[in-house]
Amino acid sequence: MAWTIPNILTVLRLLAAPGVAIMFLYFVRPWADWFAMLLFISAAVTDWFDGYLARLWKQESRFGAMLDPIADKAMVVIALLVITGFSGMDPWILLPATMILFREVFVSGLREFLGAHASTLKVTKLAKWKTMAQMVAIAVLFAKGIFEHNMIARTVGMDRETVDGIMSGAIPDVVGLQWNVAAAWYSWWGGVVLLWIAAVLTLLTGWDYFRKSLPFFREDTAK
């Protein structure tokens with residue numbers, strides 16, 4: 001392979017995928033959430049840049065075409081595993097995450113089955129929107145962890161009555177508790193809505209790929 005800048009960016013994005021989970025092994029929250037979100041966003045940005053630069057500089061390669069979707073899937077799958085785990089297996093997260101993971105495994109199996117005909121399953125515009133929706137949803141859900149643990153850190157040493165007084169407005173909110181609670185709530189439900197949208201788009205693209213592969217399931221075609 002040629003170590004062009006687009007290919008290097010793709011490799012870095014692939015390496016960043018496990019890095020998202022590793023952040024939670026070496027840092028406490030909310031720092032782990034911060035680092036994971038920034039790493040994920042940085043890697044997601046390279047997803048656009050590597051393709052753009054490859055086309056601009058005419059450096060498109062078979063290696064890049066092969067590795068790019070793998071890096072995208074690794075990022076999304078690992079990030080979803082982390083978020084699902086820290087959400088306590090919440091059904092609002094678990095169900096769309098399961099739909100997304102199922103589709104990714106299913107389409108990967110289709111590509112392997114098609115072999116030389118895998119080019120039939122070209123990346124569509126809808127698939128690109130799907131990937132973008134997934135990445136935005138995951139970034140927003142990481143933000144929820146930041147606000148939630150900021151809130152927890154600000155209540156250290158407070159009794160329940162003080163916390164309730166701040167939230168009700170009876171006690172001045174000098175530590176920013178109210179806006180952290182509100183931000184955590186909005187980022188959670190915003191991320192959930194975006195993840196469900198991503199899941200629907202994911203299933204639609206999976207069905208589209210399955211439909212395109214149907215002719216290759218005929219026995220005479222297989223022979």
Side-chain angles (χ1 to χ4, degrees), residues 5-21 23 33-56 59-60 64-84 87 92-108 110-111 119 121-146 183 186-212:
I5 290 179
N7 282 345
I8 291 172
L9 290 175
T10 303
V11 171
L12 290 176
R13 187 164 77 259
L14 179 63
L15 295 176
V20 170
M23 294 298 104
D33 300 87
W34 268 112
F35 295 146
M37 184 183 71
L38 293 175
L39 181 61
F40 185 86
I41 292 174
S42 299
V45 170
T46 68
D47 184 34
W48 181 82
F49 269 108
D50 59 13
Y52 173 76
L53 294 177
R55 292 187 296 271
L56 180 66
Q59 293 180 343
E60 295 173 290
M66 177 274 297
L67 195 62
D68 185 72
I70 294 175
D72 290 344
K73 288 178 174 58
M75 283 179 56
V76 169
V77 168
I78 293 175
L80 282 178
L81 288 175
V82 171
I83 290 171
T84 301
S87 70
W92 287 104
I93 296 293
L94 181 60
L95 290 177
T98 300
M99 292 159 63
I100 291 171
L101 295 177
F102 173 80
R103 180 269 188 195
E104 299 299 355
V105 172
F106 182 76
V107 171
S108 295
L110 277 182
R111 292 185 187 278
S119 58
L121 307 183
K122 293 181 180 179
V123 177
T124 62
K125 287 186 177 180
L126 184 61
K128 293 180 179 180
W129 279 102
K130 173 267 300 181
T131 300
M132 185 174 72
Q134 289 175 351
M135 292 183 174
V136 172
I138 289 170
V140 173
L141 288 170
F142 274 133
K144 181 259 183 182
I146 294 172
Y186 282 113
S187 57
W188 166 256
W189 286 110
V192 166
V193 170
L194 289 169
L195 191 63
W196 275 95
I197 292 173
V200 171
L201 293 177
T202 300
L203 291 181
L204 288 175
T205 58
W207 171 255
D208 180 52
Y209 288 156
F210 176 68
R211 181 178 55 81
K212 290 177 180 177

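All figures in this text were calculated on a predicted structure; none of them were measured in a lab.
With rounding to the nearest 0.5 Å, the separation of CD1 in Ile83 from CG in Leu94 is 13.0 Å. Atom-to-atom distance recorded for Leu9:CG and Arg13:CZ is 8.0 Å, nearest 0.5 angstrom. With rounding to the nearest 0.5 Å, the separation of OG1 in Thr131 from NZ in Lys73 is 7.0 Å. Here the OG1 atom belonging to Thr202 is positioned 4.0 Å from the CD atom belonging to Gln134, to the nearest 0.5 angstrom. To the nearest 0.5 angstrom, Lys130 atom NZ is 8.5 Å from Met135 atom CE. Rounded to the nearest 0.5 angstrom, Leu204 CG and Trp129 CH2 are separated by 15.0 Å.
Closest non-hydrogen pair, Pro18 versus Leu14, comes out as CD-O, 3.3 Å. Across every non-hydrogen atom of Phe40 and Ala79, the tightest pair is CE1-CB, 3.8 Å. The two residues Gly206 and Arg103 come nearest to each other via the heavy atoms N-NE, 3.7 Å. For Phe35 against Met23, the heavy-atom pair with the smallest separation is CB-SD, 3.5 Å. Considering every non-hydrogen atom in both Asp33 and Gly145, the closest pair reads OD2-CA, 3.6 Å. Contact between Ile100 and Ala199 at its shortest, heavy atoms only, is CG1-CA, 3.9 Å.
The side-chain heavy atoms of Ile41 and Phe142, taken from C-beta on, include no pair separated by under 4.5 Å. Here the side chains of Asp208 and Leu126 are not in contact, with every heavy-atom distance at 4.5 Å or above. A heavy-atom distance below 4.5 Å is not found between the side chains of Val76 and Asp72. Contact check for Leu195 versus Leu80: side-chain heavy atoms found under the 4.5 Å cut-off. The side-chain heavy atoms of Val140 and Tyr186, taken from C-beta on, include no pair separated by under 4.5 Å. Proximity of Met75 to Val20: side-chain heavy atoms (C-beta onward) are nowhere separated by under 4.5 Å. Counting only heavy atoms from C-beta outward, the side chains of Thr46 and Thr10 never approach each other to under 4.5 Å. Here the side chains of Trp92 and Ser87 are not in contact, with every heavy-atom distance at 4.5 Å or above.
Note on ring orientation: taking the six-membered ring where Trp is involved, the planes of Phe210 and Trp207 are tilted (angle from 30° to 60°).
Of the residues Val192, Val193, Leu194, the one that meets the side-chain contact (heavy atoms from CB on, under 4.5 Å) test with Trp196 is Val192.
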